[in-house]
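Presented below is the structure to which this report refers.
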Amino acid sequence: MKYLHKDIEEKWQKYWAVNQTFKASNTSDKPKFYALDMFPYPSGAGLHVGHPLGYIASDIYARYKRHKGFNVLHPQGYDSFGLPAEQYAIQTGQHPAKTTEENIKTYRRQLDRIGFSFDWSREVRTSNPDFYKHTQWVFTELFNAYYCKDANQARPISELIPVFETEGNLPLNAVCDEDTPQITAADWNHFSDKEKQEFLLKYRLTYLKETTVNWCPKLGTVLANDEVVNGVSERGGYPVVQKKMMQWSMRITAYAQRLLDDLQDIDWPQPIKDIQTNWIGRSEGAMVSFLVKSEKLKEKSSVEVFTTRPDTIFGVSFMTLAPEHELVSKITTPEQKEAVEAYVKATAKRTERERMSDVKTVSGVFTGAYAEHPFTKELIPIYIGDYVLAGYGTGAVMAVPCGDQRDYDFAKHFGLPIPNIFKAVDVSETAFEDKGNAVIANSDFLTDLPYKKAFKTVLYELEKQKIGYTKTNYRLRDAIFARQRYWGEPIPVFYDENSMPQTIAKEYLPLILPEVAKYLPTEDGQPPLGNAKNWAWDTANNKVVSNNLIDNTTVFPLELNTMPGWAGSSWYFNRYMDAHNNDEFASKEALAYWQDVDLYIGGSEHATGHLLYSRFWQKFLFDRGFVTKKEYAKKLINQGMILGESAFAYREEGTNTFYSKGLITAKKVQPIHVDVSFVNTSNELNVAAFKNWREDFKDAKFVLEDAKYIVGREVEKMSKSKYNVVNPDDICDEYGADSLRLFEMFLGPLEQSKPWKTSGISGVYSFLKKLWKLYQIDEQGNVNLSDEEPSKESMKTLHKTIKKVDEDIANFSFNTSVSSFMIAVNELTQQKCNHRTVLEPLLVLLSPYAPHTAEELWQKTGHTASIATAPFPVFDASYLIESSKTYPISFNGKMRFTMDLSLDLSKEAIEKAVMEDERTQKQLAGRTPKKVIVVPGKIVNIVG
RNA sequence: GCUCGAGUGGCGGAAUUGGUAGACGCGCUGGAUUCAAAAUCCAGUUCUUUCGGGAGUGUGGGUUCGAUUCCCACCUCGAGUACCA
């Protein structure tokens, strides 16, 4: 009978759905295994063959673990809040919930066709109120917590009030806003309610503060740092400008050190760890105060700088402040006022992108003010310059031109002195930045000290004289946690009579996203939720009511911002453990059983976004005792991207004539993307289909070669706009889901990017056909296997394959395990093996890839064991043990011939046998070898 | 610039702790079957050769009896990051 993949796959997919074959239980005697994929955003375009790559890998591993006797949790869901649905809504008026629902249907249908073993009973959707009510709850927990540096954990904010009441904030060692003043108990007790609330906000882990944000005017929203790439928005590529705004932020910086330290405990790819380490950007150095000497200043004032090279302090010849630095206006002398103000204005106008594309231009202005060097007491000029960033360190630097290239360039540009404080180093051309080889000179008490020693000595002195102290700085910033958008989780906050934020208590969540007439911002620039008619909080009845009822005594306005895209994905992995729990995000029992993700597969593009934020939330939930693990994913694998093979037709410039690829050499042509579905495997274009494709090609002329139009090919990212998308549905139609799954794995190593080539699929497809053939299935669908004893050779093939595939899957080397199966089928075909003893275990083993075929056959032959519960075949080493081995015989490391030698021969016996062989004698031609190296079981090498 | 990662046939890619380089698949060549095609099966396929061999894993060195594998220098490509003081 023919291999009818469609019938087989349909039948078993239905069977699994009806029998809930892959439903995981929260109670089991088996050890647990949690295999997770990064859940997709359900876009309108549906899946292409690149999307399921990681899902296939995790699915194989999940099935493998089930075979090995684990209770496996392998869920899937949707990250369903997001921008595309909202933009579609703005254009069409269609509610995002509706398009999202439709897209999810398409996704589900496509995923089902590929035959994944997902436990769909645990599906989550971040846009479901049942789900986001818990996202909102995490927000309120963060709001009601602060970070205690002594305990090194998050604690309830309520703890702070008695401390403030009795001692003020002086003894408190907690993370807070940089500008938090010191207060005494008396201060606190004299605070009004509003002042108390404002003060507490400086400690909350999610807080409201005026901050400089990345504002994207085109998208009408703020963006987090990781959403800005090269000064433009990651989505859409629109310009981004800096703007001061009142914003919700998350105090992720409180966790900077722990996020760094705990990387050591998790088995994640080194590149991801490196990226996160870089992003957190820890640097150790010192804070140093420079006294400002300005007649204009009445009170004593100083500039604080952060430096990683306090050892070079005697090389300071000027200081530079960021143009935005608060001291700038205070210290600027009247003579310089005009120039400084013009410069500040010009900098503010420039977008981040302009500032970056212009790195090489040195610019700045002298403020007219001077500072006093803390040791030499010399006066040094204070400049402003845009190479100093307001957001890092203190927004001011002590410039050491001989030791820092940027300071050097600045000094050269403005003709400032470049004192050399390095021993035996020439700094006339360039700065000397190599601190490992630095020996300090001309530096008073630091002279002749190497870098490390000088670093320690100067810090000791700075601390003694109270002009500086050791400081660790992080590049990581607090994450902006609000978007001026509609399609996101509402922030569960209302504003009380003092206009201070108050969270909505857990029992009244979810705060459901309101209906709005328009998804655009309001006319006065408020976020889209400003269009909602019913968007006020009635504190008497704890429910949402009409805006008309706002009286600021019991009914208050609700927050108009929504949460950013990464909110739901920061904790969803815990939800799968107990997806239908209405009271809590997951029960204590479920959390205690599943604990954490054992294998997490997804793309590396989330390194500084989702993969960092989710670690932060998990640590917070851990601190507050809600989860059992401080890291949620033990092992992470980044699957590579599957690239598309774009096709191009070549149109001569200024004409509508297309030349076949071989004819374009002398012509000026413009390559045009052609839909890959018009091209066959030999790169031949279906001209008729192409003409019908677009109006402007209707009358196109084609110059052919050998009566064919041949297209050009190029590997690019798979995308709709490049017309190189391959739909998995088409592959399933023609070759079946098993072929698709096998082929995606066979393409190459999981973690590597690789181009998709539909022509290659014939290899795995014919492998499946050959496999099917082995079972000699007749027209009635019966399997005709022999119950006689199989040959030793066939048993060896089986057990060799078991051993290899077991090892390969355990190492996530899926491509080589597919090869092993192919070899096995080729061997068994050649051996004419049709023995049940060999072929049934082979199918169980193969089922991670082709369960449908396997189950089909098990059923037909009267076996009813579900693949999910069938035992993994036991590997029997005895079939692999051989009595003899083909030894390569080498002369000076070069292989000359082989000899079959018994494996139980001693070293001496092997040497004797080899030396006596006539081929050895021929090679030696009478000479005596210097040495004979015998590695039992491996090789014999004769040196001489 | 800095930090990682990778360079193997026409192509995707294999190769345990250093031990017969090119597994497996695509493509290609020849053959069988067929009126023919598709499908299937068989044989071949790194380059070179005077048919004994010789060369060969980006380049140049080194360690070793023996290097795709280890070490040093360089070249190329990819990814991340970028005035971070």
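Since we're looking at a predicted model, the values are computed, not measured. Side-chain atoms are counted along with the backbone in the values below, which use heavy atoms only and exclude waters and symmetry mates. Sequence lines set the chain letters: A, B, ... in the order given, protein chains first and strands last, and positions in each chain run from 1.
Atom NZ of Lys770(A) and atom P of U40(B) are 9 Å apart (whole Å). The distance from atom CD of Glu911(A) to atom P of C65(B) is 16 Å, rounded to the nearest whole Å. Across the protein-nucleic acid pair, Met899(A) atom CE and U20(B) atom C1' stand 15 Å apart, rounded to whole Å. Distance, Ile384(A) CD1 to C83(B) C1': 16 Å, rounded to whole Å. The interatomic distance linking Glu324(A) (CD) with C83(B) (P) rounds to 14 Å, in whole Å. In this structure, the CZ atom of Phe814(A) is 14 Å from the P atom of A14(B), given to the nearest Å. For the pair Met895(A) CE and G53(B) C1', the interatomic distance rounds to 14 Å; values are reported in whole Å. With rounding to whole Å, Asn826(A) atom CG is found 12 Å from A23(B) atom C1'.
The pairing partner recorded for A36(B) is none, the criterion being a Watson-Crick or G-U wobble arrangement whose two distances lie under 3.5 angstrom. Remark: U50(B) base-pairs with no nucleotide; criterion is Watson-Crick or G-U wobble with both hydrogen-bond distances under 3.5 Å. With both pairing distances under 3.5 Å, A14(B) is matched to nothing as a Watson-Crick or G-U wobble pair. Pair assignment for C77(B): G5(B), on the basis of Watson-Crick or G-U wobble contacts that are both within less than 3.5 Å. The pairing partner recorded for U20(B) is none, the criterion being a Watson-Crick or G-U wobble arrangement whose two distances lie under 3.5 angstrom. Both distances falling under 3.5 Å, in either a Watson-Crick or a G-U wobble arrangement, place G44(B) opposite C28(B).
You'll find the side chain of Val397(A) reaches within 4.5 Å of the side chain of Tyr387(A), heavy atoms only. Side chains of Met745(A) and Val764(A) form no contact here, defined as non-hydrogen atoms less than 4.5 Å apart. Two residues are said to be in side-chain contact when any heavy atoms from C-beta on lie closer than 4.5 Å; Tyr474(A) and Thr253(A) fail this criterion. Leu901(A) has its side chain within reach of Val914(A): a pair of non-hydrogen atoms, C-beta onward, lies under 4.5 Å apart.
Mapping Asp404(A) and Thr898(A) onto RNA chain B by nearest heavy atom places Thr898(A) closer to the 5' end of the strand.
Regarding contacts with the backbone of C11(B), every side-chain N or O of Arg713(A) stays at 4.0 angstrom or more from both OP1 and OP2. Within the 4.0 Å cut-off from OP1 or OP2 of C83(B), not a single side-chain nitrogen or oxygen of Gln405(A) is found. Note on Asn815(A): every side-chain N or O is 4.0 Å or more away from OP1 and OP2 of C24(B). Residue Lys769(A) places at least one side-chain N or O under 4.0 Å from the OP1 or OP2 atom of U40(B).
Using a 90° window around 0 for the glycosidic torsion, G9(B) falls inside it and is classed as syn. Under the 90° criterion around 0 for the glycosidic angle, G52(B) counts as syn.
The side chain of Arg406(A) sits closest to C83(B) out of C24(B), C42(B), C83(B). Listed nucleotides A85(B), G13(B), U20(B) differ in distance to Lys754(A); the shortest reach to its side chain belongs to G13(B). With C84(B), C24(B), U20(B) as the choices, the nucleotide that has an atom nearest any side-chain atom of Ile823(A) turns out to be C24(B). Comparing U20(B), C84(B), C24(B) against the side chain of Leu389(A) picks out C84(B) as the nearest. Listed nucleotides: G54(B), A15(B), U20(B). Nearest to the side chain of Arg896(A): G54(B). The side chain of Gln830(A) has C42(B) as its nearest neighbour among A15(B), C42(B), G13(B).
Salt-bridge formation is not detected for the pair Glu911(A)/Lys907(A): no Lys NZ or Arg NE/NH1/NH2 atom is positioned less than 4.0 Å from an Asp or Glu carboxylate oxygen. Look at Lys922(A) and Asp917(A) and you find no salt bridge, because none of the NZ, NE, NH1 or NH2 atoms lies under 4.0 Å from a carboxylate O.
Contact of Lys938(A) with U17(B) (side chain to base): a donor-acceptor pair of N or O atoms is detected under 3.5 Å.
For the pair Glu284(A) (side chain) and Thr308(A) (backbone), a donor-acceptor distance under 3.5 Å is absent.
Taking atom P in both G80(B) and G9(B), one finds a spacing of 26 Å when rounded to whole Å.
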